[in-house]
Peer 1: 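This is the structure I want to talk about, given as structure tokens.
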Number of protein chains: 2
Amino acid sequence: MGEPQDTARAQKQPDDCRRRRCCESGDGTRRGVGAGKGSFVEPALLAALATSAGHGYDLARAIEEMTQGEVVPDAGGLYRILRRLEEDGFVISEWQEGESGPQRRLYSITSDGRALLAHWLVHLEERRHALDVLTGVVRSASGPA
Amino acid sequence: MGEPQDTARAQKQPDDCRRRRCCESGDGTRRGVGAGKGSFVEPALLAALATSAGHGYDLARAIEEMTQGEVVPDAGGLYRILRRLEEDGFVISEWQEGESGPQRRLYSITSDGRALLAHWLVHLEERRHALDVLTGVVRSASGPA
DNA sequence: GACGCGTATATGTATAAGACATATAGCTGA
DNA sequence: TCAGCTATATGTCTTATACATATACGCGTC
């Protein structure tokens, strides 16, 4: 693991999200504003990795710090997301040998990963707008004053 | 159906979300920013009902209109949410007799439902803030320029 | 008058994210 | 030794949404 399966996958759908996540129904249909397609831990993870490579455990804390505690990733889910991202060539990892303490795996973002992060930004902003609109609707329906 | 099972349930946990939805882990822990606990269709539905009573089918279109197409509820899910809201006393419904066309069920919001909507507003604003923070983090990690 | 279409309500099922529990293994200090 | 922290990982549950489909009514049309 950690080998550049990156290159093999990179040219599949060059300027797209390549896989499920982040992009929605494929045909551009977007329903809802929150749950469903596209998580929030994943972009946070990519953002943390774009800042600096790290281990899963540290990344969790980095995310919590970067987001001022707004995103507190579940430890179990974090490693699953990292493995999935690696399968898709968005991150690479290598075991760190000859260290004290438990075995650690160092994750780094790939150029594909950076592209995915940029893509995420667009989607997050879209969602932010949707959530804005919904909040406005709820506010005016809730307190007409 | 449509009877005020409202009153029976109302005094359970007066100033709370009373049930699962909307409020998070119960102990105040909130993780993540989007998916998981609390949908987005439900507050939209309550907001639509707070504006005016209506049938499920119409409410779907009202929501789409109110949110400028940002929330397009799934028809199947909509009726499930309405039934769940009714079970919990947040809405009431009655079949409309003697009309042409297919049978219609008129839904109205209860005072508990209005309270829930007000509660939703708080949570949506919290989430909006969380999403704001996350988006900012992703933006600065994505394009440091 | 059979058929398609829009209205209206409803169920079944698949996918995905997240929450929580738990397993493992190594190190550190009491 | 034993508790507790670091670190990675799997199992499982709940929930939200997406999509398919079933039903029934009324209306227009061919």
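Every chain is numbered from 1 and lettered A, B, ... according to where its sequence line falls, protein lines coming before strand lines. Note that these values count all heavy atoms, side chains included, but never hydrogens, waters or copies made by symmetry. What you see is a predicted model, and the numbers here were worked out from it, not measured in a lab.
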Peer 1: Separation of Leu78(A) atom CG from dA19(C) atom P, in whole Å?
Peer 2: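 Between P of dA19(C) and CG of Leu78(A): 12 Å.
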
Peer 1: Using the side-chain contact (heavy atoms from CB on, under 4.5 Å) definition, which of the options Thr110(A), Val91(A), Ile63(A) pairs with Leu49(A)?
Peer 2: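 Testing Leu49(A) for a side-chain contact (heavy atoms from CB on, under 4.5 Å) against Thr110(A), Val91(A), Ile63(A) leaves exactly one candidate, Val91(A).
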
Peer 1: Under the side-chain hydrogen bond (donor to acceptor under 3.5 Å, both in side chains) definition, can you give me all pairs with a residue in residues 59-68 of chain B, not counting sequence neighbours?
Peer 2: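 Listed once each, the pairs are Asp58(B)-Arg61(B).
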
Peer 1: Can you tell me how far apart OG (Ser108(A)) and CD (Glu94(A)) are? Round to the nearest 0.5 Å.
Peer 2: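 So the gap between those two atoms works out to 6.5 Å.
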
Peer 1: Tell me: CH2 of Trp95(B) to P of dC25(D), nearest whole Å?
Peer 2: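 So the CH2-P distance, Trp95(B) to dC25(D), works out to 12 Å.
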
Peer 1: In the structure I gave you, are the side-chain heavy atoms of Leu46(B) and Trp120(B) within less than 4.5 Å of one another anywhere?
Peer 2: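 They are in contact (side-chain heavy atoms under 4.5 Å apart), so the answer is yes.
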
Peer 1: Nearest-Å distance, CD (Glu87(A)) to P (dA9(D))?
Peer 2: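 Value for this atom pair: 12 Å.
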
Peer 1: By a strict heavy-atom criterion of less than 4.0 Å, which residues belonging to residues 54-62 of chain B are in contact with DNA chain C?
Peer 2: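 Hits under 4.0 Å, by residue number: His55(B), Gly56(B), Tyr57(B), Asp58(B), Arg61(B).
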
Peer 1: Give the rounded distance in Å between these two atoms: CD of Gln96(B) and P of dG26(D).
Peer 2: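 Checked: the CD to P distance equals 15 Å.
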
Peer 1: What's touching nucleotides 10-14 of chain D from the protein side, N or O pairs under 3.5 Å?
Peer 2:
residue, atom, partner, partner atom, Å
dT10(D), OP2, Arg83(A), NH1, 2.6
dT10(D), OP2, Arg83(A), NH2, 2.6
dG11(D), N7, Arg80(A), NH1, 3.0
dG11(D), O6, Arg80(A), NH2, 2.5

Peer 1: In whole Å, what is the span from the CZ atom of Arg105(A) to the C1' atom of dG26(C)?
Peer 2: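 Going from CZ in Arg105(A) over to C1' in dG26(C) covers 17 Å.
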
Peer 1: Would a 4.5 Å heavy-atom cut-off, applied to side chains only, mark Arg127(A) and Phe40(A) as touching?
Peer 2: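 When only atoms from C-beta onward are counted, Phe40(A) and Arg127(A) do touch, with a gap below 4.5 Å.
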
Peer 1: To the closest 0.5 Å, what do you measure between NE2 (His129(B)) and OG1 (Thr135(A))?
Peer 2: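 The distance works out to 13.0 Å.
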
Peer 1: Rounded to whole angstroms, how far apart are CZ on Arg127(A) and C1' on dA17(C)?
Peer 2: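 Distance, rounded to whole Å: 11 Å.
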
Peer 1: Roughly how far, to the nearest 0.5 Å, is the CZ atom of Phe90(B) from the CG atom of Leu117(B)?
Peer 2: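 The distance works out to 11.5 Å.
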
Peer 1: Closest approach to the side chain of Phe40(B), judged atom by atom: which nucleotide of dT17(D), dG18(C), dT8(D) is it?
Peer 2: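 It is dT17(D).
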
